[in-house]
Each structure stands twice: as structure tokens, then as C-alpha cells.
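As a basis for the values below, the full set of heavy atoms in this structure was taken, side chains included, without hydrogen atoms, waters or symmetry mates. Note that ligands are numbered from 1 as they come in the structure, with each ligand's atoms numbered from 1 the same way.
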Amino acid sequence: MSGLEIVRDPQVLRARRARWRAAGESCALVPTMGNLHAGHLALVRAARERAGRVIATLFVNPGQFGEGEDFDAYPRTFEEDRRKLSDCGVDLLFCPTVADVYPDGWDGHTRVTVPGLSGILCGATRPIHFTGVATVVTKLLNLAAPEVALFGEKDYQQLTVIRRLVRDLWIPVEIVGVPTVRESDGLAMSSRNRYLTADERARAPALYRVLCAQAAALAGGVRDFAAVSAAGMADLAAAGLEPEYFEVRRADDLELPQPADSHVVILAAARLGRARLIDNVRTRLNPDPGSPIIGGP
Ligand code: PAF
């Protein structure tokens with residue numbers, strides 16, 4: 001029999017958490033929008049290693065979708081998700097309604113915005129996105145009050161935004177980034193990969209390939225970041241993708257790298273048919289000979 005409890009009412013979640021705390025049990029939180037794949041299950045496994053109790057959340061958050069984006073089309077697969085979470089030993093699945101999360105609607109709701117970070121890279125073309133993410137993640141952290149919360153490194157900018165809001169708002173939680181899970185050809189797992197046709201799916205691994213090639217150039221001594229960016233954009237276009245950006249940034253705060261910086265991340269977004277793919281690869285600028293690209297092949 002499944003030990004997974006399904007909770008829709010925020011007050012019930014609060015009560016469970018209080019009971020676990022009184023019993024001295026620690027808690028890890030795994031926020032998701034559902035349509036779970038191996039990347040999400042890696043978050044759950046990492047959560048189980050870190051806490052006695054695991055709460056997963058499933059909420060397709062309207063606040064983080066802009067006008068004309070795929071909120072309505074976003075895949076909703078509740079029964080499959082429930083079974084996967086149950087098999088992975090999650091204790092509680094919190095799946096509130098939009099009215100539970102935004103009683104006065106998104107437009108009337110208090111918002112959390114991380115300035116600067118939210119407007120660059122993906123935020124340049126998705127202006128409301130990170131405010132939507134930051135707002136819902138803040139609410140979930142406040143409600144579940146976990147010791148630790150886990151997020152995928154595939155959404156590297158999102159992870160950076162969340163680390164910043166936790167620091168700025170004094171939220172007492174450890175944020176853990178979990179390495180990207182990839183298909184055998186390198187494509188980062190994503191719920192949106194299902195928008196790809198067979199032909200687009202065959203082209204999609206170019207995103208990771210081009211990122212790795214440019215990360216290897218940086219690790220090998222190239223320091224002209226504008227040239228790296230231009231080469232990445234050109235290689236993605238040549239592979240049949242429509243690149244949106246391809247940028248080298250400082251790994252901890254996504255600022256432009258300075259000469260003394262050693263850890264950088266290359267982040268890229270590209271359109272392919274109906275899908276918008278994002279990915280990233282970290283590397284060191286002054287590596288020891290033979291040191292690997294972080295998260296590379
Ligand atoms: O990464 C996601 O699935 C979402 O952005 C998150 C963190 C669950 C917030 O809605």
C-alpha cells in the first residue's frame with residue numbers, strides 16, 4: 001500500500017509539518033510542476049538522502065507563464081506523477097489549486113522579485129517568469145518550512161534566483177542544486193521535450209554539444225567571451241536551432257566574468273519548433289591540466 005499522502009489544503013500541509021517537527025523529523029522539499037521525468041526523480045532521491053521526510057509539490061504555476069506561453073498546453077499527468085512519487089518513497093504530495101495559491105488571482109497577489117537577475121538571459125524574453133517562480137517558491141518554502149529544498153541545475157538561472165531570494169529574505173533553508181539528468185545523446189531531460197517532432201528531437205542534442213565545445217575552448221585558455229558567444233550562436237543556427245542567447249557568466253551570480261574569476265557557466269536558450277530549450281555547462285577558467293568540464297561529458 002502506498003505511503004504517499006495527497007494534500008490539497010495548505011493548512012493540512014502545515015499541520016503535517018508541525019507534527020513531524022514535534023517528532024524531531026527533518027524535511028526536504030521538492031517543488032515541481034508535474035509531468036515527472038528522471039530529472040525530477042533524481043531530486044527526490046537526493047531529498048531522501050538528506051531528510052527523514054520528503055514533500056513534493058505539484059503546481060503548474062500560472063504566475064510564471066507569460067502571455068501566449070504554454071500554460072494551457074503544459075502537460076498534466078497527475079496519475080503517473082502520483083505513482084512515480086509513491087514508488088520513490090515521497091511522504092506527501094502537495095497539489096493545491098490555483099485558487100488556493102492565489103486567492104485574489106495572480107494579478108492581485110503579493111509578488112517576490114529578485115532585481116537584476118530576473119531580467120537577464122531567460123528573463124530578457126520572459127519578463128514575468130522569474131517573479132512567478134520566486135513568488136511561488138517563497139510561498140512553498142514558508143508553508144512547508146523544510147530544512148532543505150532541491151532544484152535541478154538544468155534551470156541554472158532559476159536556481160541562482162532562488163538562492164538569492166533565500167539569502168535576501170532570511171529564509172532558513174538550505175538550497176541544493178542537483179546535476180542535470182540527460183538522455184543518452186546528451187539532451188537535458190525536460191517536460192517540454194515532448195513538444196519536439198521526431199526531426200526536431202534528432203537535432204536537439206546540438207544544444208549540449210555546442211555548449212560542451214565552447215566550454216572546452218574556455219577550459220583550454222580562450223578568454224574572448226564575445227567570440228565564444230558568437231561561435232555558440234552560429235553553431236546552434238548551423239545545427240538548425242534558433243538560438244536566443246549563448247552567454248558566458250560568472251557561476252555564482254551570473255554577472256559578466258572578470259579576469260580574476262575562475263568558475264563560469266555558459267548558458268544558452270534556443271527555439272526548436274514549438275519547444276524552447278535551455279541548458280548550461282559550467283567550467284573553470286584556470287583549470288589544472290586535465291581537469292574536467294563541470295557537468296560535462
Ligand atoms: O522548475 C520548476 O518546475 C518550477 O519553476 C518550480 C520551481 C516548481 C516553480 O514553479
F246 vs D235 side-chain heavy atoms within contact, under 4.5 Å: no

T32 neighbourhood, listing ligand 1 atoms whose heavy-atom distance to it stays under 4.0 Å: 8 (C)

Charged tip of R76 within 45° of F71 ring normal and under 6.0 Å: yes

Lys NZ or Arg CZ of R8 over F78 ring: under 6.0 Å, within 45°: yes

Atoms of ligand 1, numbered as shown, that sit under 4.0 Å from any heavy atom of V136: 9 (C), 10 (O)

Closest approach of any protein heavy atom to atom 9 (C) of ligand 1, naming residue and atom: Q64 OE1, 3.3 Å

Per-atom contacts, ligand 1 versus Q158 - under 4.0 Å to a heavy atom: 1 (O), 2 (C), 4 (C), 5 (O), 7 (C)

Polar side chain donor-acceptor pair, Y102 to N61, under 3.5 angstrom: yes

R48 atom CZ, neighbour heavy-atom count above 12 within 6.0 Å: no

For P31, atoms of ligand 1 separated by under 4.0 Å from a heavy atom: 8 (C)

